[in-house]
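Just so you know, ligand 1 is whichever comes first in the structure, and atom 1 is the first atom listed for that ligand. Scope of the values below: all heavy atoms of this structure, side chains included, with no hydrogens, waters or symmetry mates. Keep in mind that what you see is a predicted model, and the values were worked out from it rather than measured. We're numbering straight along the sequence, starting at 1.
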Amino acid sequence: MTLDLGVLISGRGSNLQAILDAIAAGTLDARVRLVISNRPGAPGLLRAQEAGVPTAVINHKDHADRASFDAALVDALRQGGASWVVLAGFMRIVTNVLLDAFPGRVVNVHPSLLPAFPGVSAQAQALAHGVRITGCTVHLVDPGTDTGPILAQAAVPVLPDDTEERLSARILAREHELLLHVLAAIAAGNLRVHPPASPATRSRVELLGVPGALGVETTND
Ligand code: GAR
């Protein structure tokens with residue numbers, strides 16, 4: 001199944017680039033139908049344009065509330081032909097307006113081993129807490145902040161002389177791999193979502209036939 005992706009960004013767009021490169025290389029069965037940035041001038045918009053992908057800027061500041069911002073996203077995503085949505089460095093909390101339009105089909109990449117360090121500056125949070133291992137997570141999005149069902153994670157050690165910049169760069173390299181790993185599994189029809197057994201429990205997700213954890217990165221590259 002070719003995935004029709006809408007990719008939401010706020011900035012640099014290196015995760016978007018990883019998706020575009022994998023599609024161009026034939027290793028991901030997907031099309032990026034539309035890239036939307038909430039920030040005008042986000043460098044990721046240029047990456048999309050260079051790949052011939054339609055782009056839109058939908059500025060959250062032009063909307064009175066999150067619901068009307070999300071409604072504008074949904075309109076654009078539907079018109080663009082997206083059936084899955086990837087939050088790739090999209091620094092806005094999404095609401096049920098978006099989630100109900102793409103139920104179980106909104107994926108986020110986050111630079112920590114969730115549920116540790118949700119929200120912004122996850123890498124700085126990891127350094128501030130002195131954890132020895134952090135990493136990245138790809139998960140389905142729910143209305144909470146980085147709380148949705150986890151699809152896959154990769155671990156990255158925190159090195160004694162790490163700065164936020166160095167740690168972020170090492171995590172980012174794993175993000176690209178992990179995101180592609182998950183999207184390829186979804187495209188292969190290998191995502192199963194098991195509904196909560198009771199109101200007190202959560203949905204359980206599994207990626208059939210592929211490991212949900214990539215190994216601990218032990219090199220300092
Ligand atoms: C990535 O590290 C991504 O995990 C993070 O923003 C960066 C975007 O990089 N997202 C979050 O922190 C969301 N809470 P990119 O624009 O180069 O893909």
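Residues Asn59 and Pro40 have side chains in contact (heavy-atom distance under 4.5 Å, counting atoms from C-beta outward).
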May I have a table of the N/O to N/O pairs between ligand 1 and the protein that fall below 3.5 Å, each row giving the two atom names and the distance to 0.1 Å?
residue	atom	partner	partner atom	Å
ligand 1	2 (O)	Glu175	OE1	3.2
ligand 1	2 (O)	Glu175	OE2	2.8
ligand 1	4 (O)	Val109	O	3.4
ligand 1	4 (O)	Glu175	OE1	2.7
ligand 1	4 (O)	Glu175	OE2	3.2
ligand 1	9 (O)	Arg12	NH2	3.0
ligand 1	14 (N)	His110	ND1	3.2
ligand 1	16 (O)	Gly13	N	2.7
ligand 1	17 (O)	Arg12	NE	2.6
ligand 1	17 (O)	Arg12	NH2	3.2
ligand 1	17 (O)	Ser14	N	2.7
ligand 1	17 (O)	Ser14	OG	2.6
ligand 1	18 (O)	Ser14	N	3.4
ligand 1	18 (O)	Asn15	N	2.9
ligand 1	18 (O)	Asn15	ND2	2.9

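The backbone N or O of Val97 sits nowhere less than 3.5 Å from a side-chain atom of Asp100 that would complete a donor-acceptor pair. Using modelled atom types, no side-chain atom of Arg31 and backbone atom of Ile23 make a donor-acceptor pair closer than 3.5 Å.
Sorted by first and then second residue, the ring pair (Phe, Tyr, Trp, His ring centres under 6.0 Å) pairs with a member in residues 104-155 read Phe117-His129; sequence neighbours excluded. Pairs passing the salt bridge (charged side-chain N to carboxylate O under 4.0 Å, His left out) check and including a residue from residues 58-69, sequence neighbours excluded, do not occur. Sorted by first and then second residue, the ring pair (Phe, Tyr, Trp, His ring centres under 6.0 Å) pairs with a member in residues 71-109 form an empty list; sequence neighbours excluded.
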